Amino acid sequence: MSARAFIGIGILIAVVLCWRSLFVVDESEVALSRLGEAQPVTYGAGLHLKSPFAAVHMFDRRLVTHSYAGESFLSQDQKPLLVGFYLRWRLVDPARYLAATGGDEDTAAARLAELVRARIREALAAAPLAADIAGGRPTAGTLDTDALRAAAELLGVELVDVQLQRIELPEEVANTVYQRMQQSLTMQAQQLRTQGVAEADKIRADADRKSAEIKADATRDSQRLRGEADAAASAAYARAYGTNPEFAAFSRTLQAYKSSLGREGDVLVISPEGEFFKYLHSASGR
C-alpha cells in the first residue's frame, strides 16, 4: 500500500475521531458523557470536546408535564371512583436519572405516577364513597409531601407540582349514589322541617300564655281601678248629699228622668201633676 493511501487513511481516522470528539448541546438540554467506570461528566449548552470513545447521553432539562385521566380507585366501602391527576417535574441529576430510568422519560413518568397513585389509593380507601365525593378533593393534602419529593430525587428529578384534576363516579354507579344522597338530604330536610314546626308551636304556645297573663293582669287592674273610682265617686256623692239634701233630691230626680225618658220608643203615662214632674214645672221643685 502506498504512502498516499496511508496518509488518506490517517486523515480519515483523524476526521472520524474529531467528529466523535465534538458535540453540541442545545440550550434546552443537558449532556452526560461516560467513559467506562470513570466518573461521568455533565455538560451544559454549547460546543464541547470529549473522548472519542466516551458515550454521550442527551436529556431534556425543561419542565415535563404528564396527565393521567380516568384512573380507577376504590373507596373504603369498595365503591369505584375515577380520578384524574397530573404531575410536573424537571431533571436535576443526569447521572442518577440515567442509572434509575435508563434516560427514558416515559419510564421516569411511570415511576412517579405510580408513587402518586399509591398516595391517592391510600387517601380514598380511608373514607367511604359519600365522604370522598362530598369532600371535593380528599387527597389534595396528601399529594404534595416530602415523601413524594424524596422518592422523586432518587430518580434524579425534582417533583415540581402534582395536583388532582377531577374525581367522579363511573356512569354505572353514579345514578344509584346520587339517589341515595338525595334520599338522605330529603330525610334531613324533613327532620329540620319537623323540628321547625315543633319550635313554632312552642313559641306560639308561649306567646298565647303570656298574652293571657297580660290580659288577666290588665282586667284585674282595671277592675281595681274601677272599684276605687266608684268608691271615690260614692264618697263624693255622699258628701254632696249630706251637705245639700235638696241637691241630692234634684240629682236623683234627674237620674230618674234619664232612666225613664232617655230610651227611644218608650211610652210613659203619668199624671203631670204628680211628684215625678215637679222639677219640670219649677227649678225649685215647688
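Remember, predicted model here, so these are calculated numbers, not experimental data. Numbers here simply count residues along the sequence, with the first being 1.
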Q. Going by the angle between their ring planes, with limits at 30° and 60°, are Phe59 and Tyr97 parallel, tilted or perpendicular?
A. perpendicular

Roughly how far, to the nearest 0.5 Å, is the [atom2] atom of [Y] from the [atom1] atom of [X]?
X: Arg90; Y: Thr65; atom1: CZ; atom2: OG1; answer: 10.0 Å
X: Leu164; Y: Ile120; atom1: CG; atom2: CD1; answer: 5.0 Å
X: Arg121; Y: Leu81; atom1: CZ; atom2: CG; answer: 13.0 Å
X: Thr101; Y: Leu91; atom1: OG1; atom2: CG; answer: 8.5 Å
X: Glu199; Y: Leu192; atom1: CD; atom2: CG; answer: 12.5 Å
X: Thr107; Y: Leu112; atom1: OG1; atom2: CG; answer: 11.0 Å

Q) Do Val30 and Val64 belong to the same hydrophobic cluster, where Ile, Leu, Val, Met, Phe, Trp and Tyr are linked whenever their side-chain heavy atoms lie under 4.5 Å apart, directly or via other members? A) yes

Indicate yes or no: at least one non-hydrogen side-chain atom of [X] is less than 4.5 angstrom from one of [Y].
X: Arg209; Y: Asp206; answer: yes
X: Val83; Y: Tyr68; answer: no
X: Val162; Y: Trp89; answer: no
X: His66; Y: Asp106; answer: yes

Q. Without hydrogens or angle criteria, can the side chains of Arg193 and Gln190 be said to hold a donor-acceptor pair below 3.5 Å?
A. yes

Q: Kindly give the heavy-atom pair with the smallest separation between Val160 and Arg149, and that separation in Å.
A: O-NH2, 3.9 Å

Q.
Minimum heavy-atom separation for Leu154 and Ala100, please, with both atom names.
A. O-CB, 4.0 Å

Q) Is there a donor-acceptor contact under 3.5 Å from the side chain of Arg61 to the main chain of Glu29? A) yes

(Q) Can you tell me which residue among Arg117, Gln163, Arg119 is in a side-chain contact (heavy atoms from CB on, under 4.5 Å) with Phe85? (A) Arg117

